[in-house]
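Data first, discussion second: the structure below is written as structure tokens.
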Amino acid sequence: MAIEGPLKELNIHDVFQLLDLGRKTGVLCVTSELRQNAGMVFFERGAVVSAEIRSNPHPLGEVLLRSGKVSEADLARARAVQAAGDARRLGDILVDIGAIGRRELERVVRRQVEEVVFELMNWSEGYFSFEESAVARIGAEATVHIPTEALLMEAARRIDEWSRIETRVPHLGVVPRLNDAGQQHGMLDLAPLEWEVIAAVDGVRDVRAVAELLGRPEFEVARTIYGLLSTGVLLLEDPERAPPPTRDLGVLLARAEEQLALGDLETGLGAATDAARAWPEEAAAQLVLGRALHALGRFAEAEEAFLEALRLEPDLPAARRLAGVALVALGHFTEAGQQWERWLALPTRPPEEQALVADVRRLLEAARVLQAAVRGRRD
């Protein structure tokens with residue numbers, strides 16, 4: 001039986017519950033164009049036995065080696081056994097040669113599978129498909145048997161905890177660094193993972209890179225960093241909030257204007273956004289941001305930018321006129337007319353705006369006609 005559809009119609013948690021209740025055996029594929037990512041989860045009689053994701057394709061041997069669970073010599077020996085024709089999974093061979101215990105192997109594999117599942121459970125958009133198939137088709141290097149109900153409960157708990165962690169660690173791209181003033185806290189009683197995280201922090205690696213270096217789940221590392229932030233041992237820097245390469249308003253506005261004139265709207269929007277972030281109290285920056293958003297058809301955001309420009313400079317003619325244009329695009333004819341009436345009432349306008357008087361009068365009249373038509377239909 002094939003089950004498929006968009007995640008916006010059937011939540012990923014509901015998909016897992018459906019497969020659990022039906023005690024299905026097969027593979028669930030989940031794809032997301034927005035994230036440019038895809039994952040696969042293998043089920044056996046409703047339980048999860050393996051999982052993999054494109055964004056974190058590390059094979060078991062690499063994970064075990066990076067986390068110090070096996071040595072390079074043991075891993076090479078196990079792979080040589082496979083190359084000689086042994087059809088067993090890599091994990092089973094590693095256990096057989098004494099490189100790692102069965103319980104420790106299952107713990108590592110379970111954690112690896114859980115992290116994939118929890119990542120997929122965060123997706124609210126995308127497409128899923130489930131195909132029933134023999135479990136023998138699973139190509140994993142080791143498998144576990146995780147009750148789906150336990151995964152769903154842990155996922156719900158993590159969602160709650162993430163909401164708390166995100167108050168201090170907003171995303172995995174933030175960069176932790178040691179707090180030079182942290183020595184004032186005296187002796188700290190830190191857990192082993194906290195020491196591992198501190199040793200991996202170099203002021204360059206972000207949270208995701210620290211997790212990858214340690215071979216630890218991103219959630220676990222983010223939670224540990226949250227605790228270290230609370231004690232004052234670490235500080236965070238957010239590259240996404242870093243200032244643009246230049247803070248010269250004229251340069252930023254000229255760059256945005258040039259790209260918009262060339263038709264490169266996305267690049268123009270980027271330059272306009274840089275200008276608005278660097279100079280949030282400059283009406284000219286908000287004006288060019290609104291123009292870029294409007295050109296991209298993002299009319300509600302454009303209106304907000306134009307109104308912000310007017311808040312900063314109430315008599316800015318271009319912002320007043322363009323606010324009306326954005327409002328019309330949103331179907332707000334009365335509000336658009338009010339903006340154009342105010343534009344016409346301005347005591348002075350620069351030449352390029354003065355040349356548009358006849359156009360604005362026609363727009364105002366059209367808005368009144370459309371508003372009357374809309375009111376008539378409602379009546």
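All heavy atoms count here, side chains included; hydrogens, waters and symmetry mates do not.
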Solution key, residues 280-297 side-chain donor-acceptor pairs under 3.5 Å, sequence neighbours excluded:
{"from": "Arg291", "atom 1": "NH1", "to": "Glu257", "atom 2": "OE1", "distance (Å)": "2.7"}
{"from": "Arg291", "atom 1": "NH1", "to": "Glu257", "atom 2": "OE2", "distance (Å)": "2.7"}
{"from": "Arg291", "atom 1": "NH2", "to": "Glu257", "atom 2": "OE1", "distance (Å)": "3.3"}

**OP:** Evaluate the side chain to side chain contact (heavy atoms under 4.5 Å, CB included) criterion for residues Leu214 and Val197: first the C-alpha distance (whole Å), next the side-chain angles of each, then the deciding distance (0.1 Å), finally the verdict.
**Re:** CA-CA 8 Å; Leu214 297 177; Val197 170; 3.9 Å; yes

Are side-chain heavy atoms of [X] and [Y] found at a separation under 4.5 Å?
{"X": "Leu310", "Y": "Leu307", "value": "yes"}
{"X": "Phe333", "Y": "Leu327", "value": "no"}
{"X": "Ile3", "Y": "Phe128", "value": "yes"}
{"X": "Val49", "Y": "Val144", "value": "no"}
{"X": "Val41", "Y": "Val30", "value": "no"}
{"X": "Val174", "Y": "Val169", "value": "yes"}

Ignoring hydrogens and geometry, is there a side-chain-to-backbone donor-acceptor pair from [X] to [Y] under 3.5 Å?
{"X": "Arg168", "Y": "Leu229", "answer": "yes"}
{"X": "Gln82", "Y": "Arg88", "answer": "yes"}
{"X": "Trp340", "Y": "Ala336", "answer": "no"}
{"X": "Glu9", "Y": "Pro6", "answer": "no"}
{"X": "Ser50", "Y": "Phe42", "answer": "no"}
{"X": "Thr148", "Y": "Phe16", "answer": "no"}

If I take atom [atom1] from residue [X] and atom [atom2] from residue [Y], how far apart are they, to the nearest 0.5 angstrom?
{"X": "Asp315", "Y": "Thr348", "atom1": "CG", "atom2": "OG1", "result": "7.5 Å"}
{"X": "Leu120", "Y": "Met40", "atom1": "CG", "atom2": "CE", "result": "11.0 Å"}
{"X": "Thr167", "Y": "Trp162", "atom1": "OG1", "atom2": "CH2", "result": "11.0 Å"}
{"X": "Leu252", "Y": "Trp279", "atom1": "CG", "atom2": "CH2", "result": "9.0 Å"}
{"X": "Asp20", "Y": "Phe43", "atom1": "CG", "atom2": "CZ", "result": "8.0 Å"}
{"X": "Asn179", "Y": "Leu228", "atom1": "CG", "atom2": "CG", "result": "11.5 Å"}

One thing to verify: whether [Y] and [X] come together as a salt bridge, which I'm taking to mean a side-chain N less than 4.0 angstrom from a carboxylate O.
{"X": "Arg361", "Y": "Glu341", "answer": "no"}
{"X": "Arg177", "Y": "Glu237", "answer": "yes"}
{"X": "Arg255", "Y": "Glu258", "answer": "no"}

Determine whether [X] and [Y] fall in the same hydrophobic cluster, where Ile, Leu, Val, Met, Phe, Trp and Tyr are linked whenever their side-chain heavy atoms lie under 4.5 Å apart.
{"X": "Leu235", "Y": "Ile165", "value": "no"}
{"X": "Ile146", "Y": "Leu21", "value": "no"}
{"X": "Leu172", "Y": "Val175", "value": "no"}
{"X": "Leu190", "Y": "Leu178", "value": "yes"}
{"X": "Val15", "Y": "Tyr127", "value": "no"}

Considering residues, nucleotides and ligands other than [X], do more than 12 of their heavy atoms fall under 6.0 Å from its [atom1]?
{"X": "Arg107", "atom1": "CZ", "answer": "yes"}
{"X": "Glu149", "atom1": "CD", "answer": "no"}
{"X": "Glu352", "atom1": "CD", "answer": "yes"}

By side chain to side chain donor-acceptor pair (under 3.5 Å) - contacts of [X] (at least two apart):
{"X": "Arg205", "answer": "Asp202"}
{"X": "Asp14", "answer": "none"}
{"X": "Asp74", "answer": "Ser71"}
{"X": "Gln338", "answer": "none"}

I'd like to check the salt bridge (Lys or Arg N to Asp or Glu O under 4.0 Å) partners of [X]; sequence neighbours left out, ordered by chain and number.
{"X": "Glu220", "value": "Arg216"}
{"X": "Glu218", "value": "Arg208"}
{"X": "Glu106", "value": "none"}
{"X": "Arg102", "value": "Asp92"}

**OP:** Could you go through the side chain to side chain contact (heavy atoms under 4.5 Å, CB included) check for Phe130 and Val27 one step at a time?
**Re:** CA-CA 6 Å; Phe130 176 79; Val27 57; 5.7 Å; no

Subject >> Pair Gln339-Arg321, side chain to side chain contact (heavy atoms under 4.5 Å, CB included): steps then yes or no >> reply: CA-CA 7 Å; Gln339 292 294 340; Arg321 174 176 55 81; over 6 Å; no

Can you name the closest pair of heavy atoms from [X] and [Y] and give their distance?
{"X": "Gln36", "Y": "Arg54", "answer": "O-NH1, 3.4 Å"}
{"X": "Ala275", "Y": "Leu253", "answer": "CB-CD2, 4.1 Å"}
{"X": "Val201", "Y": "Pro176", "answer": "CG1-O, 3.2 Å"}
{"X": "Val70", "Y": "Ala99", "answer": "CG1-O, 4.1 Å"}

**OP:** May I ask you to establish whether Arg349 and Trp343 are in a cation-pi arrangement, using a distance under 6.0 Å from NZ or CZ to the six-membered ring centre and at most 45° from the ring axis?
**Re:**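 Checked: cation-pi criterion met.
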
**OP:** Answer with yes or no whether the side chains of Asp206 and His171 bring together a donor and an acceptor at under 3.5 Å.
**Re:**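 No.
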
Original post:
In terms of side-chain heavy atoms, does Glu125 have a donor or acceptor partner in Ser32 at a distance below 3.5 Å?
Top reply: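 A pair is found: one side chain offers a donor N or O, the other an acceptor, under 3.5 Å apart.
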
Return a table of donor-acceptor pairs under 3.5 angstrom between the side chains of residues 150-161 and protein atoms on other chains or two or more places apart.
{"from": "Glu154", "atom 1": "OE1", "to": "Arg157", "atom 2": "NE", "distance (Å)": "3.0"}
{"from": "Glu154", "atom 1": "OE2", "to": "Arg157", "atom 2": "NE", "distance (Å)": "3.4"}
{"from": "Glu154", "atom 1": "OE2", "to": "Arg157", "atom 2": "NH2", "distance (Å)": "2.6"}
{"from": "Glu154", "atom 1": "OE2", "to": "Arg158", "atom 2": "NE", "distance (Å)": "3.3"}
{"from": "Arg157", "atom 1": "NH1", "to": "Glu161", "atom 2": "OE1", "distance (Å)": "2.6"}
{"from": "Arg158", "atom 1": "NH1", "to": "Glu115", "atom 2": "OE1", "distance (Å)": "3.4"}
{"from": "Arg158", "atom 1": "NH1", "to": "Glu115", "atom 2": "OE2", "distance (Å)": "3.1"}
{"from": "Arg158", "atom 1": "NH2", "to": "Glu115", "atom 2": "OE2", "distance (Å)": "3.1"}
{"from": "Glu161", "atom 1": "OE2", "to": "Arg164", "atom 2": "NH2", "distance (Å)": "3.1"}

Original post:
Which hydrophobic side chains are connected to Leu330, either touching it within the sub-4.5 Å cutoff or through other members that do?
Top reply: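 Leu330 clusters with Phe299.
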
Distance-only donor-acceptor hits, side chain of residues 261-271, under 3.5 Å, sequence neighbours excluded:
{"from": "Asp264", "atom 1": "OD1", "to": "Thr267", "atom 2": "N", "distance (Å)": "3.3"}
{"from": "Asp264", "atom 1": "OD1", "to": "Thr267", "atom 2": "OG1", "distance (Å)": "3.0"}
{"from": "Asp264", "atom 1": "OD2", "to": "Thr267", "atom 2": "OG1", "distance (Å)": "2.8"}

